[in-house]
Amino acid sequence: MNKHETVQKMYEIAKERYAAVGVDTDQTLEKLQNISLSIHCWQADDVTGFEKLENLGGGGIQATGNYPGKARNIDELRMDIEKVVTLVAGKHRLSLHEIYGDFKGKAVDRNEVEPEHFASWMQWAKEKGLKLDFNSTSFGHPKSGDLTLASPDKNIRDFWIDHTKRCRLIAEEMGKFQNDPCIMNLWIHDGSKDLTVNRYRYRQILEQSLDDIFTIDYKNMRDCIEAKLFGIALESYTVGSYDFYLGYGAKKQKIVTLDTGHFHLTESIADKIPSLLLFTPEIMLHVSRPIRWDSDHVTILNDDVAELAKEVVRANALSKVHIGLDYFDASINRIGAYVIGIKATQKAFLQALLEPVVKLREYEAAGQYFERLALLEEAKGLPWNAVWDYFCAKNNIAIGEAYIAEIQQYEREVTSKRK
Ligand code: RNT
Ligand code: ZN
């Protein structure tokens, strides 16, 4: 039997096994095929971007590691993303930050950015069958400081309001061009390293800035707002906390972004899904992996990600939840980092889609809690990996660990030559 025949056979067995618990694997595969991930562009170059301005880095975030071969320019970044998408199944999106504009060697300040700086991205994305998402960038700039949109200094604040408005217009143009809404994420690092006696004031200013930014209603873009627990060098206070954005999102009907690294480590992000679905229009996810803090390690198939996917699927909310990735590990092969995280997220959703939820809910409705727990436990051992391998085979991508060699080859031929 060759590898593909084995995969086929294993799938047939898995299909029967799942049918016994009331799950249709063929239907599951169709659903998985339609899940698009919003792939973050910034794993390719450690959140550097292509600005010809002084880049001050950080702003509450930090990529660590110096693995060779990072993308140094727009062509290399595109090449890397093209490679990534050939190694994974499905149709996906690319999430760009404003600092990744095609500035053609010119110094374009953040309050000068225009849709034209993203024209070549739109064209390229169209050719590659990718849709674009967008992010304003308020970190890594001489005017970033500790406070941007929440700054009491009108000059600083207005600069960032202007920037963010421009970004919304760019997102609108992207959405129009691709005939599919561009999701624009707004995350700012604003906070305080040490104790502040102005918690209320900064949040009030941020609310006003957001109201100003969101005055224009666009048709082809959607806004989402991302909270955080704390940033590096801003440990004592975060203006845009989860309470703040949840309140703002519920009141103003904006999408709240849940970054899985932005909460206390014992907090369940999965449990937030059903609540947000009730009070905000949609949800944006930044699937990441915090290690002790918001360390942005590569997403893997762990219980947190598996539970997150399950809550989305159990709530029948795949059409309302945008699944983005957000990590940046500079210590390993960056293409490999992408592929591991994409596959892990897809596997989590596959497992969620394969859950025998009808039977589980029957048990629950009947008060049969032993039976519910037993089936939940048994479901963990059902042959989901046979379904996964078959999904990869159907999509003509490498099965199992075979993609490691493909990434090694790309490293030999391409990334290792970048000095
Ligand atoms: C930072 C946020 C934010 C960034 C990107 C680069 O903590 O998670 O989403 O990672 O905007
Ligand atoms: Zn994030």
Taking the side chain as every heavy atom from C-beta outward, state whether I397 and L87 have any atom pair closer than 4.5 Å.
no

Taking atom types as modelled, is there a side-chain donor on Y100 or D45 under 3.5 Å from an acceptor on the other?
yes

R110 bridged to E51 by N-O distance under 4.0 Å:
yes

Using distance alone, with no hydrogens and no angle criterion, decide if Q253 and Y248 have a side-chain donor and acceptor under 3.5 Å apart.
no

Rounded to the nearest 0.5 Å, how far apart are OG of S241 and NZ of K228?
13.5 Å

I need the single residue from D326, N185, D133, N135 that forms a side chain to side chain donor-acceptor pair (under 3.5 Å) with S95. Which is it?
N135

Residues Y410 and D80: side-chain donor-acceptor under 3.5 angstrom
yes

Is the number of heavy atoms from other residues, nucleotides or ligands under 6.0 Å of K251 NZ greater than 12?
no

Partners of F230 by side chain to side chain contact (heavy atoms under 4.5 Å, CB included), sequence neighbours excluded?
E235, T238, W293

E282 versus H322, side-chain donor and acceptor atoms under 3.5 Å:
yes

Minimal heavy-atom distance between W187 and S138, with the atoms involved, is O-OG, 3.8 Å

Worked check of side-chain contact (heavy atoms from CB on, under 4.5 Å) between K83 and I81:
CA-CA 5 Å; K83 185 69 199 175; I81 299 294; over 6 Å; no

Might you point out which heavy atoms bring I156 and L147 nearest each other, and give the distance in Å?
CG2-O, 3.7 Å

May I ask you to decide if G231's main-chain N or O and H189's side chain share a donor-acceptor pair within less than 3.5 Å?
no

Between S151 and K143: side-chain donor-acceptor atoms closer than 3.5 Å:
no

Closest heavy-atom contact between A107 and E112?
O-OE1, 3.9 Å

Please check if the side chain of D153 supplies one atom and the backbone of N155 the other of a donor-acceptor pair under 3.5 Å.
yes

Who pairs with R412 by side chain to side chain contact (heavy atoms under 4.5 Å, CB included), at least two apart in sequence or on another chain?
Q408, Q409

For residues R78 and S120, is any side-chain donor paired with an opposing acceptor at under 3.5 Å?
yes

Rounded to the nearest 0.5 Å, how far does CG of L96 lie from CG of D102?
11.0 Å

Please say whether the positively charged group of K52, taken as NZ for Lys or CZ for Arg, lies over the ring of F50, i.e. under 6.0 angstrom from the six-membered ring centre and within 45 degrees of the axis.
no

I'd like to know whether CD of E378 has more than 12 heavy-atom contacts from other residues, nucleotides or ligands below 6.0 angstrom.
no

Enumerate donor-acceptor pairs with a distance under 3.5 Å from any side-chain N or O in residues 264-278 to protein atoms, sequence neighbours excluded.
| residue | atom | partner | partner atom | Å |
| --- | --- | --- | --- | --- |
| E267 | OE1 | H264 | N | 3.2 |
| E267 | OE2 | K272 | NZ | 2.7 |
| S268 | OG | A270 | N | 3.4 |
| S268 | OG | D271 | N | 3.1 |

Ion pair D162/R166, N-O distance below 4.0 Å
yes

If you take all heavy atoms of G336 and I407, which pair is closest and at what distance?
CA-CD1, 3.5 Å

For the backbone of L37 and the side chain of R93, can you confirm whether one donor and one acceptor N or O come within less than 3.5 Å of each other?
no

Return each pair, listed once, that meets side chain to side chain donor-acceptor pair (under 3.5 Å) where at least one residue sits in residues 299-312; pairs must be two or more places apart or across chains.
E311-R314

Which heavy atom in I161 sits nearest to a heavy atom in L149, and how many Å separate them?
N-CD2, 3.6 Å

Are D294 and H262 close enough that a side-chain donor and a side-chain acceptor fall under 3.5 Å?
yes

Can a donor-acceptor pair be found, under 3.5 Å and without considering hydrogens, that links the side chain of S136 to the backbone of L186?
no

Does the pair F263 and L258 meet the rule for a side-chain contact (heavy atoms from CB on, under 4.5 Å), with working shown?
CA-CA 9 Å; F263 296 87; L258 296 176; 3.8 Å; yes

Report the C-alpha distance between K193 and S236 in whole Å, list the side-chain angles of each, state the deciding distance to 0.1 Å, and finish with yes or no for side-chain contact (heavy atoms from CB on, under 4.5 Å).
CA-CA 5 Å; K193 179 182 168 82; S236 296; 5.8 Å; no

Tell me whether the guanidinium CZ or amine NZ of K343 lies under 6.0 angstrom from the six-membered ring centre of Y403 and within 45° of its axis.
yes

Atom pair CD1/OG1 of I323 and T345 - distance to nearest 0.5 Å:
8.0 Å

Going by side chain to side chain contact (heavy atoms under 4.5 Å, CB included), name the residues that satisfy it together with R72, two or more places apart in sequence or in a different chain.
E76, R418

If you round to the nearest 0.5 Å, how far is CG of L169 from CE of M174?
10.5 Å

Measure up the F134 and F118 rings against each other and bin them: parallel (under 30°), tilted (30 to 60°), perpendicular (over 60°).
perpendicular

Between K254 and D223, does any NZ, NE, NH1 or NH2 come within less than 4.0 Å of an OD or OE carboxylate oxygen?
yes

D329 side chain to S331 side chain, donor-acceptor N/O pair below 3.5 angstrom:
yes

Who are the side chain to side chain contact (heavy atoms under 4.5 Å, CB included) partners of S288, not counting sequence neighbours?
D259, T260, D296, Y327

Would you check, one step at a time, whether the test side chain to side chain donor-acceptor pair (under 3.5 Å) holds for Y218 with E173?
CA-CA 10 Å; Y218 287 117; E173 292 300 324; over 6 Å; no

When the ring planes of H40 and W42 are compared, do they come out parallel, tilted or perpendicular, using 30° and 60° as the limits?
perpendicular

For a 4.5 angstrom cut-off between non-hydrogen side-chain atoms, does L206 reach I188?
yes

Polar side chain donor-acceptor pair, E355 to W384, under 3.5 angstrom:
no

Can you measure from CE (M122) to CD1 (I170) and round to the nearest 0.5 angstrom?
7.5 Å

State whether the side chain of Y242 and the backbone N or O of L229 hold a donor-acceptor pair below 3.5 Å, judged by distance alone.
no

Any idea which heavy atoms bring I205 and P152 closest together, and the distance?
CD1-CA, 3.8 Å

H286 and T257: side-chain donor and acceptor closer than 3.5 Å?
no

Min side-chain heavy-atom separation S416-E411 under 4.5 Å:
yes

When D212 is tested against each of R157, K165, R168 for salt bridge (charged side-chain N to carboxylate O under 4.0 Å, His left out), which residue passes?
K165

Check step by step if side-chain contact (heavy atoms from CB on, under 4.5 Å) holds for V239 and F244.
CA-CA 8 Å; V239 186; F244 176 88; 5.7 Å; no

Is there a side-chain contact between V47 and F139, using heavy atoms and a 4.5 Å cut-off?
yes

